[in-house]
Amino acid sequence: MYLFDKRLKQLRVALNFTQKQLGEATGLSERGIQNYELGLRKPEYDAIVALADYFGVSIDYLVGRTDDPAAVRYAEMAL
């Protein structure tokens with residue numbers, strides 16, 4: 001399940017930031033943040049990393065792969 005739009009807005013609102021403030025803080029555009037939150041566009045890798053780093057959450061949490069903001073998922077590797 002892809003929850004990026006909801007998680008992004010939830011994290012932004014928790015900090016009481018506007019879309020413009022979040023864009024400025026992360027180097028992304030206000031329009032980009034708006035489009036992500038509305039589900040009109042999916043972010044590129046660099047944007048996901050910038051947002052996860054800014055909020056201090058894992059990428060997996062941001063995109064909805066886990067409900068634990070600090071979770072790190074490791075793939076099992078067969079040797």
Next item on the list: State the CZ-CZ distance between Arg41 and Phe4, to the nearest 0.5 angstrom.
Entry: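 CZ of Phe4 is found 11.0 Å from CZ of Arg41.
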Item checked: Interatomic spacing from CD1 in Ile33 to OG1 in Thr18 - rounded to 0.5 Å -> 10.0 Å
Pairwise side-chain contact, [X] with [Y], heavy-atom cut-off 4.5 Å (strictly under):
{"X": "Val63", "Y": "Leu3", "answer": "no"}
{"X": "Tyr36", "Y": "Asp5", "answer": "no"}
{"X": "Arg7", "Y": "Tyr61", "answer": "yes"}

Check: Where is the tightest heavy-atom contact between Phe55 and Leu22, given as atom of each residue plus distance?
Finding: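 That closest heavy-atom pairing would be CZ-CD1, 3.7 Å.
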Next item on the list: Give every residue pair that meets the salt bridge (Lys or Arg N to Asp or Glu O under 4.0 Å) criterion with at least one member in residues 17-38, sequence neighbours excluded.
Entry: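 Only Arg12-Glu37 qualify under salt bridge (Lys or Arg N to Asp or Glu O under 4.0 Å).
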Checklist line | Under 4.5 Å side-chain linkage, directly or through intermediates, the cluster mates of Val13 | finding: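 Members other than Val13 - counting any ILVMFWY side chain reachable under 4.5 Å - there are none.
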Name every donor-acceptor pair, under 3.5 Å, that has one atom in a side chain of residues 43-54 and the other anywhere in the protein, sequence neighbours excluded.
none

Next item on the list: Identify, with sequence neighbours excluded, every residue that meets side-chain hydrogen bond (donor to acceptor under 3.5 Å, both in side chains) alongside Asn16.
Entry: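 Asn16 satisfies side-chain hydrogen bond (donor to acceptor under 3.5 Å, both in side chains) with no other residue.
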